[in-house]
Structure formats: C-alpha cells, structure tokens
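What follows is a short report on a single structure.
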Amino acid sequence: MGRDAAVTERRHTTRAPLLPDSARKRLVEDLRRQGVEDEAVLRAIGKVPRHVFVSEGMRWRAYENTALPIGQAQTISQPLVVGLMTQALLADGARKRVLEVGTGCGYQAAVLAEVVHRVFTVERIRVLSMQARETLKQLNYRNIVFNYGDGMAGWAGHAPYDGIVVTAGTAAVPAAFVNQLSVGGRIVMPLGGKGAQQLVILDKQSDGSLSRRDLQGVAFVPLLAGKA
Ligand code: SAH
C-alpha cells in the first residue's frame with residue numbers, strides 16, 4: 001500500500017514525458033536561444049534521434065541539454081556544444097570532407113553527416129566504435145566512414161580534410177591534425193588541461209601556421225593515446 005502511494009505521488013509530481021519528436025523540437029528552441037543560429041545545424045539537431053544513441057535507462061534524459069554517460073567512462077556531448085562546434089566548423093567556408101576524432105556513440109558524427117558531404121570518424125575504444133557503427137547503420141547514414149584506432153594520428157588514409165572536429169580535450173594540437181588539414185581548412189577542438197578546456201577555432205593559413213580564436217570554456221573527456 002505504501003508503495004502504491006509513492007507511485008501515485010510520483011505520477012502527480014513528475015512532468016509528463018514528451019514524445020521524442022516534441023522533446024527534440026523543444027531542445028532545438030533551447031539551443032537557438034543559447035546561440036546556435038545556423039539553420040542547417042538546428043535542422044540537423046532537430047532530425048537526429050539522440051535517444052537512439054544512449055542506453056535505454058538514459059533515454060528519458062536524451063533531450064536534456066546535458067552530456068550523458070555512454071559507458072566505458074565516456075560521454076555523449078552536450079547538445080549545445082555539438083551545435084556550437086558544428087556551427088563553428090561550417091562558418092566561413094565549405095567543409096566537404098570532415099574528420100572527427102572521438103566517435104563515442106556517434107551522435108556528433110550523425111549531426112555532421114547531415115551538413116557535410118562525408119564524415120571520417122576515429123574512435124580508440126573498440127566497443128564504442130562497433131556500437132556507433134551499428135547505430136548509424138540502423139539510421140541509414142551512408143556518408144560516415146569509421147576507423148577503430150588512435151585518432152591522435154588523425155587518419156592519414158583519407159587526408160586532406162577541410163574540417164577536423166575533435167571531441168576530446170588535449171593540451172596541445174597534435175601535429176597530424178595540422179598536416180592532414182588543407183590550407184583554408186578549420187579545426188574545432190577543446191584545448192587545455194584535464195576537465196577544463198577552451199573550445200577553439202584553428203584555421204590553417206597558407207604558410208601552414210594556425211590562427212586561433214577562443215569560443216568558450218568546455219569540459220571534455222581527455223584525448224588519450226593508443227587503442228583500448
Ligand atoms: N563525439 C561524441 C563524444 C564522445 S566523448 C558524441 O557525439 O557524443 C569523446 C570520445 O573520444 C570518447 O569515446 C573517447 O574514447 C574518444 N577518444 C579519446 N581519445 C581518443 C583518440 N586518441 N582517438 C580516438 N578517439 C579518442
């Protein structure tokens with residue numbers, strides 16, 4: 001009886017769960033208010049079913065504007081950060097071929113696949129790479145190519161890229177990223193120490209150097225060397 005009472009009470013105090021489509025629309029409006037202005041990016045976030053990328057136990061939170069655990073001590077990025085990074089990548093030039101370092105569950109890769117021609121994504125944790133492949137196959141993405149490997153070395157086989165998105169933090173830009181980026185290409189990545197980085201935009205100049213612009217503080221999991 002006590003248990004029934006608790007259930008009843010919870011029913012009355014919890015906000016009614018929204019269906020994924022409505023929840024996603026609400027998320028898009030939140031992101032618009034928080035600085036994501038690129039309509040193509042908003043459309044992509046409005047389309048990609050984020051709940052499919054998290055475990056069943058996490059689905060009810062999939063459209064909250066927060067990072068969530070995806071297992072293996074890793075996270076699915078906060079939607080706002082995905083939006084800002086994708087928007088920054090697309091601004092000031094066409095980005096056709098994009099390298100993503102840190103596939104994770106594949107959510108950012110799906111958002112990228114909606115707005116660029118081809119996405120090359122690298123993940124160092126085997127089970128995550130395999131799960132992401134499966135999820136993105138089920139969602140019918142045909143313009144994402146996967147690599148299980150150490151993304152600190154980029155992915156030389158498909159270089160050069162006109163954009164690189166890094167979804168794990170590191171103190172210095174790995175040389176491979178610069179080498180595999182075309183002139184006029186752009187890297188968007190978190191740069192800095194453990195758990196507290198600056199989201200930066202790095203543009204490759206004709207002399208091979210990088211210009212840097214800081215966007216905002218972020219907290220990504222670390223970019224780690226080697227495979228797991
Ligand atoms: N892009 C994901 C975020 C994943 S979290 C999303 O859409 O939500 C960052 C991911 O980077 C983790 O899965 C982690 O394993 C991976 N990672 C860390 N160091 C890496 C490296 N050297 N090469 C490839 N992936 C790496």
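When a ligand or atom number is given, it counts from 1 through the structure's own listing order.
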In terms of atom number and element, which parts of ligand 1 are under 4.0 angstrom from non-hydrogen atoms of [X]?
| X | result |
| --- | --- |
| M152 | 22 (N) |
| Y107 | 7 (O) |
| I125 | 15 (O) |
| G104 | 4 (C), 13 (O) |
| E100 | 1 (N) |
| G151 | 21 (C), 22 (N), 23 (N), 24 (C) |
| L128 | 13 (O) |

Could you find the nearest protein heavy atom to [atom] and give me its residue, atom name and distance?
| atom | value |
| --- | --- |
| atom 25 (N) of ligand 1 | R124 N, 3.3 Å |
| atom 7 (O) of ligand 1 | Q108 N, 2.8 Å |
| atom 1 (N) of ligand 1 | G102 O, 2.9 Å |
| atom 13 (O) of ligand 1 | E123 OE1, 2.7 Å |
| atom 5 (S) of ligand 1 | T75 O, 3.2 Å |
| atom 9 (C) of ligand 1 | T167 O, 3.2 Å |
| atom 22 (N) of ligand 1 | L224 O, 2.6 Å |

Item checked: More than 12 heavy atoms of other groups within 6.0 Å of Q205 CD -> yes
Any idea which heavy atoms bring [X] and [Y] closest together, and the distance?
| X | Y | result |
| --- | --- | --- |
| R61 | L68 | O-CD1, 3.6 Å |
| L202 | R212 | CD2-CB, 3.8 Å |
| L80 | N65 | N-OD1, 3.0 Å |
| I70 | C105 | CD1-N, 3.6 Å |

Is it true that [Y] and [X] share a donor-acceptor pair across their side chains at a distance under 3.5 Å?
| X | Y | value |
| --- | --- | --- |
| T86 | Q108 | yes |
| S129 | E123 | no |
| R97 | Y161 | no |

Checklist line | Charged N-O contact under 4.0 Å between D92 and R186 | finding: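 Yes.
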Check: So among N147, T103, T167, which one has a side-chain hydrogen bond (donor to acceptor under 3.5 Å, both in side chains) with T121?
Finding: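 Of N147, T103, T167, side-chain hydrogen bond (donor to acceptor under 3.5 Å, both in side chains) with T121 is met by T103 alone.
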Margin query: Before you tell me yes or no, could you show the steps for E37 and R32 under salt bridge (charged side-chain N to carboxylate O under 4.0 Å, His left out), namely the whole-Å CA-CA distance, both residues' side-chain angles and the distance that decides it to 0.1 Å?
Written below: CA-CA 6 Å; E37 297 163 341; R32 199 191 287 281; over 6 Å; no
Checklist line | Polar contact flag for I76 and ligand 1 (N/O pairs, less than 3.5 Å) | finding: no
Region of [X] that comes within reach of ligand 1 [heavy atoms, distance under 4.0 Å]:
| X | answer |
| --- | --- |
| I70 | neither |
| V221 | side chain |
| A228 | neither |
| Q74 | side chain |
| D150 | both |
| Q72 | neither |

Throw together a table of side-chain donor-acceptor distances under 3.5 angstrom for residues 150-159, partners on residues two or more places apart or in other chains.
{"unit_1": "D150", "atom_1": "OD1", "unit_2": "M152", "atom_2": "N", "d": "2.9"}
{"unit_1": "D150", "atom_1": "OD2", "unit_2": "G226", "atom_2": "N", "d": "2.8"}

Checklist line | Selection from A110, G71, S77 by shortest heavy-atom distance to atom 8 (O) of ligand 1 | finding: S77
Margin query: I want to check a possible cation-pi pair here: R50 against Y107, using under 6.0 Å from ring centre and within 45° of the ring axis as the test.
Written below: yes
Next item on the list: Apply the test salt bridge (charged side-chain N to carboxylate O under 4.0 Å, His left out) to residues E29 and R26: give CA-CA distance (whole Å), side-chain angles for both, the deciding distance (0.1 Å), then the verdict.
Entry: CA-CA 5 Å; E29 293 318 311; R26 195 174 65 185; over 6 Å; no
Margin query: Tell me whether P222 reaches ligand 1 (any heavy atom closer than 4.0 angstrom to a ligand atom).
Written below: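 Heavy atoms of P222 do come under 4.0 Å of ligand 1.
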